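Just below is one structure, and these are the notes that go with it.
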Amino acid sequence: MLILGIDTTCDDTAAGVVEDGHNVHSNVIASQHVAHERFGGIVPVIAAREHTKNISYIVHAALDEAGVTFQDLDAVAVSHHQGLLLSLVVGVSAAKSIALACDIPLVGIHHLEGHIYSNLMGRDGELAFPFLCLTVAGGHTLLLKIEDHGQYTLLGHTRDDAAGEVFDKVARQLGLGYPGGPAVERLAAEGNPKAYTFPRPLINQPHFEFSFSGLKTAVLQTIENEPNANKADLCASFQQAVIDVLVTKTMRVARAHELDCIALAGGVALNMPLRKQLESAATKQGYRTFAPPLKLCMDNGAMVAGAGYFLYQHRGKDALTIEAKANAPLGESGLRYRPATKYR
Amino acid sequence: MSILLIDTSGAYSTVAVAQDGDLLGFGTLKGRPAARIHEQIRTLLPPVGITLPDVDTIGVITGPGSWTGLNIGVTAAKTLALVLKKPLIPIATLDALVAPHSWTQGPVCAIMNAGRGRYYSASYASNGQGQLDLQSGHLTVSGIEALMESLLLEEGTPLVVEYGSTFGELVSHCAGAICHKSQVRLWPDGIVAAALQSTPLHREKIMSLTPTYLQATLAERNANL
């Protein structure tokens with residue numbers, strides 16, 4: 001089953017073609033970084049305009065790269081829940097037109113499901129339900145128990161900023177550009193993670209909630225107070241604080257809920273030190289870790305096509321009347337979680 | 001020649017189908033229902049005996065108008081045109097407003113509300129047989145007085161005004177002009193007429209089509225870009 005997946009959740013216009021939920025034939029992303037750079041952050045109306053400008057090119061590029069045409073598609077999947085509303089509606093409109101014109105099923109997915117399912121793609125049976133998923137990106141930081149297809153239980157989430165967003169803010173303050181994650185990671189590789197002692201918010205609390213705004217303030221204040229500080233040391237110390245919190249909380253929740261398979265997802269899953277330290281901590285406990293291929297970590301269309309495949313098998317197609325929602329509950333149980341600051 | 005038309009530029013979302021310039025059927029939804037245009041198209045076509053692949057051309061209102069509505073409508077129309085391999089006709093909102101009032105020879109102006117005390121306007125010369133030539137288009141003009149000054153209306157110039165909350169206020173400033181209410185939001189004959197006068201786009205131009213936003217975003221205005 002050949003599925004085209006479309007994602008216009010935030011500031012990337014993305015489309016990909018995936019066969020049977022596993023075999024990625026193409027995954028094309030148009031980044032809007034240049035359009036937003038001069039404003040120092042994402043401007044939702046401009047993101048929507050850029051999506052409208054790019055969407056046809058990206059969809060065609062995804063089909064061309066996969067060597068297929070619209071007529072070869074068996075379904076079209078789109079992220080219609082979670083993100084910037086003005087951006088989501090563009091992808092949803094394109095997906096509905098394809099479904100209508102090709103007379104194929106439309107599958108609307110929650111953007112987070114794309115990230116979660118990126119762990120199942122290409123791993124037939126290797127990662128079985130239930131498993132723990134730490135999904136961490138610019139718009140969310142969540143600990144979820146993935147019970148089954150479409151069935152999720154919230155174990156922990158951020159009370160304020162998402163971890164990825166804090167990477168972006170720190171990078172911006174240091175003049176490293178956007179997106180901040182890769183830039184901070186590059187510089188951190190040359191720095192001393194013990195040079196600065198930044199707070200590890202809530203790390204000793206028995207619950208599984210996160211908070212990153214205090215850490216963000218501490219880092220931003222240090223940057224302001226010490227204009228000549230070594231940027232590499234700052235990045236390394238900040239990155240280590242985030243990783244310590246994420247790894248400690250994830251291991252604690254895994255033990256408490258007896259989940260021995262831990263999956264990592266979202267844009268921050270690109271961070272190599274996070275991947276390595278989570279794996280190392282899990283291995284010590286006899287647990288296994290999973291992380292998607294790097295190309296499936298950032299917002300992308302292939303993960304939407306992948307999730308679309310599994311969810312279509314599970315619950316069938318959606319009507320042409322589905323609507324984009326900025327903060328939508330997740331899964332069949334209508335799981336509600338607090339969106340990170342960025343999406344409030 | 002059959003044409004499928006989409007308008008999501010205003011307070012209604014409209015889909016219509018016309019054959020050789022005659023309106024065969026249409027549907028309008030009030031509110032912010034641009035999300036439902038695909039369902040509207042699906043239900044509109046069977047009763048008029050046309051299937052989607054039978055449609056010869058797609059037409060879409062490209063603006064000015066609602067930012068998000070236009071993004072949805074233009075994306076929907078260009079994707080349909082590309083998948084079905086049909087030409088796409090871009091239609092300016094003001095052209096559609098004025099089209100049903102073009103049967104008298106001479107000048108005619110169209111005005112629509114742009115929000116925040118601004119207006120979009122365009123002046124046309126009509127040949128009296130439905131042919132309209134754009135003389136000048138004002139992107140946005142602040143205030144009604146400045147708008148009236150910029151239009152340089154001659155006595156008796158027909159003025160086509162989008163019917164809405166500011167209609168009465170506008171008309172009170174239009175002494176000497178003959179004001180027509182444009183009902184194009186409710187009755188899409190103007191969209192059909194304007195489509196017949198517009199040039200269809202083919203593949204490359206369809207891919208790059210974006211709405212005619214006209215107004216810069218607030219972020220851009222603040223940054224003086």
Side-chain angles (χ1 to χ4, degrees), chain A residues 4 6 8 13 15 35-61 63 69-71 73 76 80 84-104 106 108 318-325, chain B residues 4 6 8 13 15 29 32-43 45 51-53 55 58 60 62-63 66-86 88 203-211 213 215-225:
Chain A
L4 170 72
I6 297 176
T8 58
T13 316
H36 299 280
E37 212 167 21
R38 57 193 174 174
F39 303 108
I42 296 162
V43 182
V45 283
I46 293 176
R49 185 176 70 194
E50 294 296 308
H51 285 308
T52 307
K53 194 163 82 184
N54 296 335
I55 187 76
S56 297
Y57 290 104
I58 294 306
V59 165
H60 281 78
L63 295 178
T69 67
F70 284 112
Q71 283 65 40
L73 298 174
V76 56
H80 73 309
L84 299 171
L85 182 63
L86 304 193
S87 291
L88 288 167
V89 295
V90 177
V92 171
S93 183
K96 286 180 180 179
S97 280
I98 295 166
L100 180 65
C102 298
D103 196 19
I104 54 175
L106 172 72
D318 284 305
L320 285 175
T321 48
I322 57 167
E323 291 198 22
K325 277 202 188 98
Chain B
L4 173 70
I6 297 172
T8 51
S13 81
V15 297
L29 286 176
R32 270 193 348 184
R36 302 186 73 89
I37 48 171
H38 297 84
E39 182 64 15
Q40 281 178 275
I41 294 168
R42 198 183 65 79
T43 53
L45 293 179
T51 67
L52 199 50
V55 168
I58 315 281
V60 65
T62 53
S66 152
W67 184 279
T68 298
L70 290 171
N71 284 337
I72 295 173
V74 167
T75 300
K78 66 181 187 174
T79 310
L80 282 176
L82 289 165
V83 176
L84 297 165
K85 295 191 168 65
K86 309 286 181 184
L88 179 65
R203 190 182 150 91
E204 265 315 302
K205 295 276 187 185
I206 296 174
M207 299 269 274
S208 61
L209 180 69
T210 50
Y213 299 105
Q215 299 204 71
T217 65
L218 194 60
E220 286 165 322
R221 287 204 293 274
N222 290 343
N224 288 320
L225 293 166

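The basis for the numbers below is simple: all heavy atoms, side chains too, and nothing from hydrogens, waters or symmetry mates. By convention in this document, chain letters (A, B, ...) are assigned in the order of the sequence lines, proteins followed by strands, and residues within each chain are numbered from 1. For clarity, every value in this text was computed on a predicted model and none was experimentally measured.
- Contact count versus chain A (heavy atoms, under 4.5 Å) is highest, among B:Ile41, B:Leu84, B:Leu82, for B:Leu82.
- Heavy atoms of A:Phe70 lying under 4.5 Å from chain B belong exclusively to its side chain.
- Each of A:Asn54, A:Val92, A:Val89, A:Ile322 has some count of heavy-atom pairs under 4.5 Å with chain B, and the biggest count is that of A:Val89.
- With a threshold of 4.5 angstrom between heavy atoms, B:Leu70 does not approach chain A through any atom at all.
- When side chains are defined from C-beta on, A:Thr52 counts as touching B:Pro211, because their heavy atoms get closer than 4.5 Å.
- Not counting sequence neighbours, the partners of B:Lys205 by the side chain to side chain contact (heavy atoms under 4.5 Å, CB included) test are B:Leu201.
- Contact of the A:Arg49 side chain with the B:Thr210 side chain is not registered, since no non-hydrogen atoms from C-beta on lie closer than 4.5 Å.
- When atom types are taken as modelled, the side chain of A:Lys96 and the backbone of B:Ala35 share a donor-acceptor pair closer than 3.5 angstrom.
- Residues A:Leu100 and B:His38 share a closest heavy-atom pair of CD2-O, 3.9 Å.
- Closest non-hydrogen pair, A:Ser97 versus B:Ala76, comes out as OG-O, 2.8 Å.
- Of the possible polar contacts, none joining the B:Thr68 side chain to the A:Leu86 backbone as a donor-acceptor pair under 3.5 Å is found.
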Is there a side chain to side chain contact (heavy atoms under 4.5 Å, CB included) between A:Lys53 and B:Leu209? Walk through the geometry before answering. CA-CA 7 Å; A:Lys53 194 163 82 184; B:Leu209 180 69; over 6 Å; no
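- You'll find the side chain of B:Thr79 stays beyond 4.5 Å of the side chain of A:Val59, heavy atoms only.
- When heavy atoms are compared at a cutoff of 4.5 Å, A:His60 approaches chain B solely by way of its side chain, counted from C-beta outward.
- Using a 4.5 Å cut-off between heavy atoms, B:Leu52 touches chain A through its side chain atoms alone.
- The line from OG1 of A:Thr321 to CZ of B:Arg42 is 9.0 Å long, rounded to the nearest 0.5 Å.
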